[in-house]
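Note sheet for the following structure.
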Amino acid sequence: MNSEHGEHGEHGEHSEHGRRGRHGGPPADADAATEAFVAHRNLLFTVAYEMLGSAADAEDVLQETWLRWAGVDLAAVRDRRAYLVRITTRQALIRLRTLGRRKESYVGSWLPEPLLTTPDVAEDVELADSVSMAMMLVLETLAPTERAVFVLREVFDLGYEEIAEAVDKTPAAVRQIAHRARAHVAARRPRGAVSPTETRGALDAFRRAVETGDLQGLLDLLAPDVVLLGDGGGIKQAVLRPVVGADKVARLLVAGLGRQTTAALRSAQVNAYPAVVLHLDGELDTVLAVRIDDGLITGLYAVRNPEKLSHMHRETALRR
């Protein structure tokens, strides 16, 4: 049923069909609600994931969104996409505050949950940049409302009035928050645009250097102040604190991977950018994403926590 029409339609017969559906099936409104939710599901997942950095929590937010959406009178909804984004944003903000408390007691570094993304995500340059592991870590440094406003404005290009409704602020306040968030992100985002081709080239050289134990080759790829972060979640062994400096990072990687006789390093499209995936004894063990600034690797992000690797077994579609 179109949202422009009243609840009962123009004729009694149509309203009866609207309430009961054809052949006594589910109400037409229920069908329309399902159809709208399915049509925008990938978009809603992307909004939630960019706000949370956790695919598992994003899926939970979508469940909450559906439960609320299913009870909405569609006749009163002017723009179904905007309405769904608003519900998702509000639920993600609630979840983000809970997640913040979980991170405080997390063992070691907390890294975003890596996603094996579909090839088309990389083709949307702005979307790819926004979900890269490097950018997701920058988003982690924003306050919850700042993060919501930045994501909705900069990634999804929503108007200030729409965002204001989603975050319960005035449009004027949202403008100020957006300005502050943009400046914050600009100061921390990777320097210089890096194409997937450049990233792939750097990672191929990185993989060869690690596999052959070429310490100098590795040092040539790493920035002097490179930082390695490991996320084992207290389940798998990982560096508990950031490892800083090219020499320390290179030696740790060569020593750690050199001992693994059953290790296999493979390429994968993770969060829209090339990454390295480590398999041990045929099982997925680690996802290693990188940040590149001015042609050198400045950040290495190793996710080993098995609870964060479930979205590496199937491709995830992201949408704007």
Side-chain angles (χ1 to χ4, degrees), residues 45-46 48-58 99 103 106 108-119 121-122 124-142 147 150-151 154-155 185 188-204 206-207 221-223 226-233 236 238-239 242-244 249 253 265-278 284-313 315-316 318:
F45 176 85
T46 309
Y49 175 74
E50 291 215 22
M51 283 182 61
L52 299 167
S54 163
D57 285 284
L99 198 53
K103 288 174 192 171
Y106 197 79
S109 300
W110 187 97
L111 291 173
E113 190 173 338
L115 302 178
L116 187 67
T117 44
T118 51
V121 179
D124 183 338
V125 177
E126 287 182 5
L127 177 60
D129 176 61
S130 72
V131 297
S132 69
M133 288 292 273
M135 183 56 111
M136 293 294 288
L137 279 167
V138 172
L139 294 180
E140 282 295 313
T141 64
L142 292 169
R147 186 168 183 170
F150 181 87
V151 165
E154 299 301 312
V155 183
V185 170
R188 291 162 178 80
R189 73 189 310 159
R191 297 183 300 276
V194 181
S195 70
T197 306
E198 287 175 275
T199 306
R200 192 175 298 109
L203 278 173
D204 286 345
F206 172 87
R207 203 171 71 221
L221 297 166
L222 303 176
V226 63
V227 178
L228 167 67
L229 300 177
D231 181 342
K236 286 285 193 81
V239 291
V243 179
V244 183
V249 169
L253 288 169
L265 291 172
R266 297 170 190 159
S267 297
Q269 193 84 347
V270 176
N271 288 55
Y273 276 84
V276 171
V277 176
L278 170 68
L284 175 62
D285 181 85
T286 306
V287 172
L288 187 66
V290 298
R291 169 177 170 151
I292 296 176
D293 290 86
D294 302 326
L296 292 174
I297 296 173
T298 56
L300 286 156
Y301 315 118
V303 182
R304 294 198 73 205
N305 182 350
E307 291 177 358
K308 289 189 175 184
L309 298 178
S310 62
H311 277 71
M312 287 298 299
H313 298 293
E315 288 185 334
T316 298
L318 301 174

Task: All side chain to side chain donor-acceptor pair (under 3.5 Å) counterparts of Y273, not counting sequence neighbours - done: none
Task: Closest heavy-atom pair and its distance - A122, Q269 - done: CB-NE2, 3.3 Å
Open item on the list: Just so I know, are the side chains of L278 and L288 near enough to count as touching, which here means a heavy-atom distance under 4.5 Å?
Closed with: no
Task: Polar side-chain atom of K308 near backbone of L111 as donor-acceptor pair, under 3.5 Å - done: yes
- [ ] Can you label the angle between the W110 ring and the Y106 ring as parallel, tilted or perpendicular, going by 30° and 60°?
- [x] perpendicular
Task: Side chain R291, main chain Y301, donor-acceptor under 3.5 Å - done: no
Task: Inter- and intrachain pairs under salt bridge (Lys or Arg N to Asp or Glu O under 4.0 Å), touching residues 268-278, at least two apart - done: none
Task: Atom of P114, atom of L309 and distance for their closest heavy-atom approach - done: CG-CD2, 4.0 Å
TODO: Taking R188 for its side chain and L139 for its backbone only, find out whether a donor-acceptor pair lies under 3.5 Å.
DONE: no
- [ ] For R200, check salt bridge (Lys or Arg N to Asp or Glu O under 4.0 Å) against everything at least two apart and list the hits.
- [x] none
Open item on the list: For A56, is there any backbone N or O sitting under 3.5 Å from a side-chain donor or acceptor partner on E113?
Closed with: yes
TODO: Report the residues that fulfil salt bridge (Lys or Arg N to Asp or Glu O under 4.0 Å) with E126, sequence neighbours left out, ordered by chain and then residue number.
DONE: R320
Open item on the list: Under the rule for side chain to side chain donor-acceptor pair (under 3.5 Å), what residues qualify as partners of S267, not counting sequence neighbours?
Closed with: R207
TODO: Identify, with sequence neighbours excluded, every residue that meets salt bridge (Lys or Arg N to Asp or Glu O under 4.0 Å) alongside D285.
DONE: K236, R304
